[in-house]
Amino acid sequence: MSTSLNTRWQAWLATRAPRERLILQSAAWLLLAALIWSLAIAPAWRVLQAAPARQAALLPQLHQMRAMATEAKTLQQSESARPPGWSERLRTLESTTQRLLKDQAQLSPAGEQVTVTLRDATPTALAQWLQETRVNAHLRPTRLQLERSGAAGAWRWQGTLVLGDPNGAGT
């Protein structure tokens, strides 16, 4: 089919004047070049033009992910070492709670678990407290029941958390 189309094109073109042939062939080449530009070259060109801005936008994410990976390795190495005893964990938890949450939290130790009652804790303080509790006291929430209150931008948390060692290596 394409050969018959090509032969018809060649036959039709042969009937035209040389100047007209040149104009038609030039138009066909120009149309082909425009098609190649719009389908192949222009999209690639746009990607290349946008690459530096996209890379700059993704760079902070890369740094954050690398920092998280370093923290994870540090935690894995520190967890492989002998964890502190329960009394040391409890002292660390109490000092962290007093420093970060002050009167917004009350601790109730029971065996090798601690129930923490929160009253109007700010999200920033709670997040920092959870981080330090996990890293320094080697305790993680095993159960929690929290409620958010307040208006957007001034959220507060209240409820209870039960902290413990999910690995059971507290003594």
Side-chain angles (χ1 to χ4, degrees), residues 25-84 86 88-107 112-170:
Q25 287 175 336
S26 298
W29 281 111
L30 189 63
L31 186 64
L32 181 64
L35 187 66
I36 289 173
W37 174 263
S38 66
L39 294 179
I41 298 172
W45 187 265
R46 282 192 297 274
V47 168
L48 283 174
Q49 294 291 348
R54 184 161 167 83
Q55 184 179 13
L58 292 174
L59 200 57
Q61 277 185 320
L62 176 65
H63 291 307
Q64 184 180 17
M65 290 176 66
R66 284 183 177 161
M68 289 169 49
T70 303
E71 181 184 354
K73 279 185 181 179
T74 304
L75 282 173
Q76 286 173 343
Q77 291 170 353
S78 69
E79 287 177 1
S80 65
R82 190 168 191 274
W86 180 250
E88 179 63 31
R89 288 177 175 193
L90 199 51
R91 277 194 298 279
T92 304
L93 178 63
E94 288 170 347
S95 69
T96 302
T97 303
Q98 185 58 36
R99 184 171 44 83
L100 295 173
L101 295 176
K102 299 173 181 62
D103 60 344
Q104 298 172 339
Q106 178 183 354
L107 302 177
E112 290 201 3
Q113 291 186 335
V114 179
T115 301
V116 182
T117 306
L118 296 173
R119 290 178 307 278
D120 294 327
T122 64
T124 306
L126 181 58
Q128 189 175 1
W129 177 79
L130 282 168
Q131 171 72 14
E132 289 194 25
T133 298
R134 181 173 57 91
V135 172
N136 298 333
H138 298 276
L139 295 171
R140 290 174 182 77
T142 55
R143 287 187 305 243
L144 62 102
Q145 182 176 1
L146 295 176
E147 292 180 13
R148 183 177 68 183
S149 63
W155 299 118
R156 300 283 189 220
W157 290 97
Q158 52 238 344
T160 58
L161 289 100
V162 177
L163 298 174
D165 185 356
N167 300 325

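Closest approach of Val116 to Ala105, counting heavy atoms only: CG1-CB, 4.1 Å. Among all heavy-atom pairs drawn from Pro43 and Ser38, the shortest one is CD-O, 3.6 Å. Between Leu100 and Ala125, the shortest heavy-atom distance links the atoms O-CB, 3.8 Å. Annotation for Ser149 and Gln158: closest pair OG-NE2, 2.9 Å, computed over non-hydrogen atoms. In this structure, Asp120 and Arg156 approach most closely via the heavy-atom pair O-CD, 3.5 Å. Minimum heavy-atom separation, Leu101 to Ala121: CD2-CB, 4.3 Å.
Taken to the nearest 0.5 Å, the CG atom of Leu90 stands 7.5 Å off from the CG atom of Leu107. Glu88 CD to His138 NE2: the interatomic distance, rounded to the nearest 0.5 Å, is 9.5 Å. The CD atom of Gln128 sits 10.0 Å away from atom OG1 of Thr133, with the distance rounded to the nearest 0.5 Å. Distance CD1/Ile41 to CG/Leu35: 11.0 Å, rounded to 0.5 Å. Separating the CH2 atom in Trp86 from the CD atom in Gln113 is a distance of 7.5 Å, to the nearest 0.5 Å. For the atom pair CG of Asp103 and CD of Gln98, the computed distance is 8.5 Å after rounding to the nearest 0.5 Å.
Between the side chain of Gln104 and the backbone N or O of Leu118, no donor-acceptor pair lies under 3.5 Å. At distances below 3.5 Å, at least one donor-acceptor pair connects side-chain atoms of Thr142 with backbone N or O atoms of Val162.
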Check against side-chain hydrogen bond (donor to acceptor under 3.5 Å, both in side chains), Trp129 and Thr96
CA-CA 7 Å; Trp129 177 79; Thr96 302; 5.9 Å; no
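Annotation for Gln49: atom CD counts as buried by contact number, over 12 foreign heavy atoms lying within 6.0 Å. Counted within 6.0 Å of CH2 on Trp37, heavy atoms from surrounding residues, nucleotides or ligands total more than 12; the atom is thus considered enclosed. Annotation for Arg119: atom CZ counts as buried by contact number, over 12 foreign heavy atoms lying within 6.0 Å.
Each of Leu161, Thr97, Leu93 was compared with Val114 under the side-chain contact (heavy atoms from CB on, under 4.5 Å) criterion, and only Leu93 meets it.
Note on Arg91 versus Glu94: no salt bridge recorded, every NZ/NE/NH1/NH2 to OD/OE distance being 4.0 Å or above.
At a cut-off of 3.5 Å, with distance as the only test, a side-chain donor of Gln131 or Arg134 sits close to an acceptor on the other residue.
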